Amino acid sequence: MPRTPTQGVAFLLGFVIALWLSPFLIGVAHGDAAESRWGDAEASLLEAVNAERERMHLIPLLRNRDLDAVARAHSADMARRNYLSHVNPEGLNPLERVQEAGIGGLTLVAENAGLTDRNDPTLEILQSWLTSPEHRRNLHAPPFNRTGLGIVRAGNGTWYVTQLYATVPR
């Protein structure tokens with residue numbers, strides 16, 4: 001139970017996020033990529049990202065269903081509220097969203113985000129990340145070994161894409 005106003009606000013924010021994560025509200029099921037409405041697009045993007053990492057002689061990223069949930073929630077939030085940012089309107093950055101989800105055991109966290117109105121978001125999103133120094137740095141960072149992907153299509157046809165990168169110590 002919250003003991004301070006800050007804890008109360010955090011509790012309410014968590015409750016609202018839980019409601020937004022409901023598959024009845026955002027059209028995205030929880031769990032494996034196969035359960036997501038856009039699981040094929042997520043799998044395609046991961047394949048393309050890992051092919052790029054292999055080209056750079058880096059280890060492939062493994063999917064993490066908890067990180068997938070955080071990435072999908074962020075994509076759904078961006079689609080619902082029509083914004084593109086690594087920081088949501090409440091001021092939470094990727095690390096804070098991961099921590100708020102209760103995901104532990106990670107030593108590094110980064111995020112790439114993007115949007116497109118093309119029918120297949122994979123190629124355009126990956127190319128835009130590769131042309132952005134900050135996004136390319138995340139994609140090519142050797143320490144990352146886990147990822148979470150969230151792709152959501154807004155009612156107007158725009159695809160919102162979030163990819164979390166994380167390091168789980170070996």
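All figures in this text were calculated on a predicted structure; none of them were measured in a lab.
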Notebook entry, point to check: Pairs in or reaching into residues 143-154: which pass side chain to side chain donor-acceptor pair (under 3.5 Å), with residues at least two apart or in two chains?
Noted result: Thr147-Gln163
Checklist line | Heavy-atom closest pair, residues Arg72 and Gly150 | finding: CG-CA, 3.4 Å
Notebook entry, point to check: Side chains of Asn88 and Tyr83: donor-acceptor distance under 3.5 Å anywhere?
Noted result: no
Note to self: On a heavy-atom basis, which atom in Thr116 and which in Pro121 lie closest, and how many Å separate them?
What the structure shows: CG2-CB, 3.6 Å
Item checked: Path from Leu95 to Leu92 over hydrophobic side-chain contacts below 4.5 Å -> no
Margin query: Let me confirm one number: the OH-OG1 distance from Tyr160 to Thr162, rounded to the nearest 0.5 Å.
Written below: 10.5 Å
Margin query: Tell me whether Ile103 shares a hydrophobic cluster with Leu108, the cluster being built from Ile, Leu, Val, Met, Phe, Trp, Tyr side chains joined at under 4.5 Å.
Written below: no
Next item on the list: Report yes if the distance between the aromatic ring centroids of His135 and His140 is under 6.0 Å, otherwise no.
Entry: no
Checklist line | Shortest non-hydrogen contact between Ala43 and Arg63, atoms and distance | finding: N-NH1, 4.2 Å
Checklist line | Nearest heavy atoms of Thr107 and Pro169, plus distance in Å | finding: CG2-CG, 3.5 Å
Item checked: Side-chain heavy atoms of Leu164 within contact of Val98, under 4.5 Å -> yes
Item checked: Partner set under ring-ring contact (aromatic ring centres under 6.0 Å, His included) for Tyr165, not counting sequence neighbours -> Phe144
Next item on the list: Keeping the roles fixed (side chain from Ser132, backbone from Trp129), state whether a donor-acceptor pair exists under 3.5 Å.
Entry: no
Note to self: Let me confirm one number: the CG-CG distance from Asn138 to Asn112, rounded to the nearest 0.5 Å.
What the structure shows: 4.5 Å
Next item on the list: Kindly compute the distance separating CG (Leu58) from CG (Leu139), expressed to the nearest 0.5 Å.
Entry: 9.0 Å
Checklist line | salt_bridge(Arg55, Glu52) N-O dist < 4.0 Å | finding: yes
Notebook entry, point to check: Does the side chain of Leu115 come within less than 4.5 Å of Val161's, by heavy atoms?
Noted result: no
Item checked: Verify same cluster id: Val168, Val70 (apolar side-chain graph, 4.5 Å) -> yes
Checklist line | Min side-chain heavy-atom separation Ile151-Trp159 under 4.5 Å | finding: yes
Checklist line | Spatial distance of atom CG (Asp66) from atom CG (Leu106) [nearest 0.5 Å] | finding: 9.5 Å
Checklist line | Point-to-point distance, once rounded to the nearest 0.5 Å, from CG of Asp117 to CD of Glu124 | finding: 7.0 Å
Notebook entry, point to check: Between atom OG of Ser75 and atom CG of Leu149, what is the distance when rounded to the nearest 0.5 Å?
Noted result: 9.0 Å
Checklist line | Residue Glu47 excluded, over 12 heavy atoms near CD under 6.0 Å | finding: no
Notebook entry, point to check: Got Arg53 and Pro60 here, is their nearest side-chain heavy-atom distance under 4.5 Å?
Noted result: no
Margin query: Taking Glu42 first and then Arg65, would you say they form a salt bridge - that is, a charged N and a carboxylate O separated by under 4.0 Å?
Written below: no
Check: Does any N or O in the side chain of Arg136 come within less than 3.5 Å of the main-chain N or O of Leu130, such that one atom is a donor and the other an acceptor?
Finding: yes
Checklist line | Where Gly114 and Ile125 come nearest, the two heavy atoms and their spacing | finding: C-CD1, 3.8 Å
Note to self: Ignoring hydrogens, what is the shortest heavy-atom contact between Ala71 and Gly148? Give both atom names and the distance.
What the structure shows: CB-O, 3.7 Å
